[in-house]
Amino acid sequence: MTAVHLGLSVDEAILRLRAHAFAAGRSLRDVAADVVARRLRLESWNID
Amino acid sequence: MSDDRSISELHTSSAREGLIVSTFVALADTMIDEYDVIEFLGMLAERCVELLATDEAGIMLVDPRGNLQAVASSSERTRLLELFELQNQEGPCLDAFRSGEMVTSGDLGRDAARWPTFAPRAHADGFAAVVSLPLRLRRDVIGALNLLRDAPGPLTDADLALARALADVATIGLLQERAVRESRTSAGQLQLALTSRVLIEQAKGVIAARHDIDIDQAFEMLRGYARRHGRKLTELARAVVEQQFDVPAQ
């Protein structure tokens, strides 16, 4: 989902998800669950 | 056939027989045609629900790190997939995988001590009983078949025997995957199924985001398109993930 939102490949999208999780001090799994449930949408380069 | 059997019983048993036969025919097809391993395992999971006194079924395979991954399910409801996925930490599938033996619970409401996370979650989702059968490949165990029931209590011996046969069919089907047959290693064969599953999950995400729909609807779109156009699910998923193809809204 993040790949489409940000116009990236899925390999790039996972890096963005990891970056977001790291910056937010959350697990990648939790962040991914929020994205999939459409509670969270990563936007282009706002460092979250 | 005894004369005192009612017509409806006959119909029921011949329908069951027909389904069993067609399941083994589908297995035979995997030895002849190219087929999609996730479609095949998904079909098997659906057949488990139709043939056995079970309400949902899932198939889990071990990945190269030794973790169980859910690769196919009788329904693609996200909540159900999560219940299978949770068992890479704890649950009957993990126990069946580790022991190589069948693992059962006839009353999940009373098994919280055995599986502190899985049992309450499964119970909250409406499941009362569970059976997990190991998938065996020669001397190795490569995964587990998970049967979830709404009603408490055990499966009949006849159902268990058929469940065992279906678990073996799943393993044989995995081995027959043509693309992998050439690689000749069972590790490669397993890896292909796991990779296919990842592609399908990624494709669900791409479709959900593109069409602003939820993940469950996204899978229906993907599978519906694949079936209508005679495309293999995994190849279609790959095209979607690489963003070379968008599944059109109906």
Side-chain angles (χ1 to χ4, degrees), chain A, chain B residues 63 65 67-70 73 76-90 117 121 125 194-222 234-249:
Chain A
M1 293 180 87
T2 299
V4 173
H5 292 151
L6 302 181
L8 303 171
S9 72
V10 290
D11 295 335
E12 292 164 329
I14 187 87
L15 296 177
R16 280 301 314 276
L17 285 167
R18 275 191 214 286
H20 178 93
F22 180 75
R26 303 180 63 201
S27 76
L28 181 59
R29 194 186 178 91
D30 285 351
V31 170
D34 277 354
V35 171
V36 168
R38 296 192 278 175
R39 290 186 294 262
L40 172 68
R41 180 181 173 130
L42 300 196
E43 303 294 346
S44 50
W45 287 116
N46 49 344
I47 301 287
D48 312 287
Chain B
D63 72 15
R65 291 183 209 162
N67 294 316
L68 287 179
Q69 305 289 345
S73 167
E76 287 279 333
R77 284 186 299 119
T78 301
R79 185 121 183 120
L80 180 67
L81 289 175
E82 285 172 355
L83 192 57
F84 293 128
E85 206 58 59
L86 196 149
Q87 295 182 66
N88 59 29
Q89 305 290 329
E90 162 210 301
T117 309
R121 170 71 191 271
D125 286 355
L194 292 162
T195 306
S196 295
R197 187 69 227 182
V198 170
L199 275 173
I200 289 164
E201 292 300 325
Q202 289 174 335
K204 281 157 76 171
V206 168
I207 293 167
R210 280 250 172 91
H211 295 272
D212 198 24
I213 54 177
D214 71 32
I215 291 286
D216 294 3
Q217 293 169 312
F219 179 77
E220 289 308 322
M221 267 182 79
L222 180 71
T234 305
E235 282 174 9
L236 185 63
R238 188 187 304 278
V240 168
V241 170
E242 289 171 357
Q243 305 186 38
Q244 294 159 352
F245 180 77
D246 188 20
V247 175

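These values consider heavy atoms only, across backbone and side chains, with no hydrogens, waters or symmetry-generated copies. Source: prediction; values computed, not measured.
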With a 6.0 Å cut-off (strictly less than), is the heavy-atom count around CZ of Arg65(B), excluding the residue itself, greater than 12? no
Would you indicate whether Arg121(B), at its atom CZ, is surrounded by more than 12 heavy atoms from other residues, nucleotides or ligands within a distance under 6.0 Å? yes
One option among Val35(A), Val4(A), Val36(A) has the most heavy-atom pairs under 4.5 Å with chain B, and it is Val4(A)
Closest non-hydrogen atom pair between Met1(A) and Ile215(B), with its separation: SD-CD1, 4.1 Å
Using modelled atom types and a 3.5 Å cut-off, is there a donor and acceptor pairing between side-chain atoms of Gln243(B) and backbone atoms of Leu8(A)? yes
Please look at Ile213(B) and chain A and tell me whether the side chain, the backbone, both or neither of the residue comes under 4.5 angstrom of a heavy atom of that chain. backbone
If one checks every heavy atom of Glu85(B) against chain A at 4.5 Å, the contacting part turns out to be side chain
Heavy atoms of Arg38(A) and Asp214(B) approach each other most closely as NH2-N, 3.3 Å
